[in-house]
Number of protein chains: 2
Amino acid sequence: MTDSTSHTVLGVALRARGPHLEVLLAGGRLPEARVGAREPLAAALARALDVAPLAHIEQLETRRLRDGRLATAYLGLAPTDAPLDGDWRSELALTPDHAELVAAAHGRLRAKLSYTNVGFALAPATFTISELREIYVAALGHDVSATNLQRVLVRRGELERVEGLRPPGRAGGRPAALFRFASKHLEVTDEFAALRPPHR
Amino acid sequence: MTDSTSHTVLGVALRARGPHLEVLLAGGRLPEARVGAREPLAAALARALDVAPLAHIEQLETRRLRDGRLATAYLGLAPTDAPLDGDWRSELALTPDHAELVAAAHGRLRAKLSYTNVGFALAPATFTISELREIYVAALGHDVSATNLQRVLVRRGELERVEGLRPPGRAGGRPAALFRFASKHLEVTDEFAALRPPHR
DNA sequence: TCAAAAGTGTTCTAGCTACACCCATGG
DNA sequence: CCATGGGTGTAGCTAGAACACTTTTGA
């Protein structure tokens with residue numbers, strides 16, 4: 001026990017859900033994770049919350065919350081098929097602190113989708129380009145062309161073809177090739193890249 | 001006095017100095033700033049360190065230092081003519097914690113120079129394009145063309161002409177136009193911009 | 001045979017870099 | 001008058017957007 005026992009951690013988890021991003025907060029109310037002496041902050045987070053479903057975690061910001069507690073917020077990203085059912089629940093009425101941190105989390109994700117391979121943390125293990133496109137649309141908040149998305153990510157070496165095809169649904173259509181992310185750890189794939197919204 | 005008295009703040013100040021970036025740390029050793037109850041973190045920083053010479057401050061990362069203390073690190077940017085003489089001193093032998101935070105600070109600055117007007121925090125009140133070019137070279141770590149730097153920053157509306165010319169030195173040369181930054185607060189001037197290093 | 005979905009090839013364009021050239025001053 | 005540093009105009013390049021067209025399936 002140290003004299004910094006009141007420091008808490010707060011998780012903001014994002015997951016692509018249809019055309020939108022689903023926002024989940026750790027615990028519903030702020031978790032009361034206490035940071036032990038000499039324990040890295042990430043370890044305290046993992047001890048306080050169920051981070052197993054999260055494919056990527058990064059620190060957002062440390063702030064004094066309006067209720068007086070000092071809290072470090074984290075951005076967690078979950079694949080579409082991840083079970084976020086334990087500590088994580090969506091809040092309908094966000095406190096001002098929550099709303100600001102959610103906005104920061106969303107902005108961070110948007111930016112990193114452009115110049116890193118962070119998509120790996122939102123996508124399931126294998127996926128079609130159409131499925132990946134839906135995830136990018138949800139996270140970026142604007143339309144994305146499947147054609148160009150594939151070309152850009154393959155050129156950067158983020159995507160790999162995987163054996164097999166996804167058969168079409170009842171409506172027909174050509175079977176879709178399956179892909180996976182080449183790496184499941186955050187990498188800066190193109191420092192200067194940008195995925196821009198459509199021109200109009 | 002709360003039970004979070006051991007939380008400290010650590011300042012990493014950067015200032016362009018000739019062809020290089022000068023790195024200064026707050027206090028020499030880590031400052032022992034205590035964070036009071038319900039006090040915003042930035043206020044604790046300002047109370048602990050002399051931040052008056054810094055034209056911009058932003059939070060970097062909160063981590064458990066190797067000596068056990070929980071510390072929030074800040075990036076501070078100072079204009080070339082700012083007096084950084086009080087709390088701030090350059091450390092020759094950096095601890096591993098310091099070195100990592102300095103690298104993070106430098107990376108953050110490099111990135112933001114591309115898509116924000118953060119140059120305002122490194123430049124003096126008015127300057128010639130040549131002087132600004134030197135600052136960008138120091139911060140980015142690669143050559144920058146004065147020609148293109150001017151065009152890019154003027155197009156984005158970051159730079160404004162200011163009355164008057166800087167007379168040439170003894171070697172002669174055309175007098176240089178004077179500029180200033182249109183805003184002295186951080187703004188995202190072009191979300192997708194990139195200042196790239198020379199091709200070869 | 002046609003609609004639907006996936007994939008390919010090509011053109012277009014914004015925003016940068018590169019470079020040749022012109023301007024104003026000191027000695 | 002020429003060296004020096006500042007400024008302008010324009011061409012070139014590159015990554016990504018746009019779009020027309022081809023492929024493969026179900027019914």
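FYI, side chains are in, hydrogens and waters are out, and symmetry mates aren't considered; it's all heavy atoms of this structure. Owing to the predicted nature of the structure, the values given are computational and were not obtained by experimental measurement. So you know, we letter chains A, B, ... as the sequences are listed, proteins then strands, and number each from 1.
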Inset, instruction - Identify whether any heavy atom of B:A193 sits under 4.0 Å from a base atom; if not, whether one sits that close to sugar-phosphate; answer base, sugar-phosphate or nothing. - result: sugar-phosphate
Legend entry - Consecutive-pair stems (at least three Watson-Crick or G-U pairs, under 3.5 Å) that include DNA chain C: C:1-27 with D:1-27
Inset, instruction - Would you kindly check whether a donor in the side chain of B:R166 faces an acceptor in the base of D:dG6, or vice versa, at under 3.5 angstrom? - result: no
Inset, instruction - May I ask you to evaluate whether B:R170 reaches the phosphate of C:dT25, defined as a side-chain N or O under 4.0 Å from OP1 or OP2? - result: no
Legend entry - Stepwise salt bridge (charged side-chain N to carboxylate O under 4.0 Å, His left out) check, B:R64 with B:D97: CA-CA 9 Å; B:R64 178 72 66 185; B:D97 282 315; over 6 Å; no
Inset, instruction - Sort out for me which residue in A:L113, A:T189, A:V188 forms a side-chain contact (heavy atoms from CB on, under 4.5 Å) with A:V118. - result: A:L113
Inset, instruction - Name the closest nucleotide to the A:P175 side chain, picking from D:dT25, D:dG16, C:dG7. - result: D:dT25
Legend entry - Distance in Å, A:F127 CZ paired with A:R166 CZ, rounded so as to fall on 0.5 Å steps: 10.5 Å
Legend entry - Nearest-Å distance for atom pair CD/P, residues B:Q150 and D:dG5: 18 Å
Inset, instruction - Report the residue (A:L178 or B:L195) whose heavy-atom-nearest nucleotide on DNA chain C is the more 5′ of the two. - result: A:L178
Inset, instruction - Could you grab the distance from atom CG of B:D67 to atom OG1 of B:T95, nearest 0.5 Å is fine? - result: 8.5 Å
Legend entry - Separation of atom CZ in A:R174 from atom P in D:dT25, rounded to whole Å: 8 Å
Legend entry - Separation of atom CG in A:L165 from atom C1' in C:dA5, rounded to whole Å: 13 Å
Inset, instruction - Find the distance B:R196:CZ to D:dG16:C1' and express it as a whole number of Å. - result: 11 Å
Legend entry - Ionic contact status for B:D143 with B:R133, cut-off 4.0 Å: yes
Inset, instruction - Please state how far atom CZ in B:R155 lies from atom P in D:dT8, giving the value in whole angstrom units. - result: 15 Å
Legend entry - Gap between atoms CG and C1', on B:D143 and C:dT17 respectively (whole Å): 12 Å
Legend entry - Donor/acceptor link under 3.5 angstrom from A:R151 side chain onto base of D:dT14: no
Legend entry - Cluster overlap B:Y115 with A:Y115, hydrophobic side-chain contacts below 4.5 Å: no
Inset, instruction - Identify which one of A:V12, A:L60, A:L41 satisfies the side-chain contact (heavy atoms from CB on, under 4.5 Å) criterion when paired with A:Y74. - result: A:L41
Inset, instruction - Taking only the side-chain nitrogens and oxygens of A:R156, find out if one of them lies under 4.0 Å from OP1 or OP2 of D:dG16. - result: yes
Legend entry - Nearest-angstrom distance from the residue atom NE2 of A:H199 to P of C:dT13: 9 Å
Inset, instruction - Assess whether one donor atom and one acceptor atom, taken from the side chain of B:N148 and the base of C:dA18, lie less than 3.5 Å apart. - result: yes
Inset, instruction - Let me know the distance between CD1 of A:I129 and C1' of C:dA5, rounded to the nearest Å. - result: 14 Å
Inset, instruction - Record whether the side chain of B:T147 comes under 3.5 Å of the base of C:dT17 through a donor-acceptor pair of N or O atoms. - result: no
Inset, instruction - Indicate whether OP1 or OP2 belonging to C:dA6 is found under 4.0 Å from a side-chain N or O atom of A:S130. - result: yes
Inset, instruction - Let me know, please, whether B:F179 or A:L149 comes out on the 5' side of the other along DNA chain D by nearest nucleotide. - result: B:F179
Inset, instruction - To the nearest 0.5 angstrom, please state how far the CD atom of B:Q59 sits from the OG1 atom of A:T62. - result: 5.0 Å
Legend entry - Position toward the 5' end of DNA chain D (nearest nucleotide), B:A177 or B:A171: B:A171
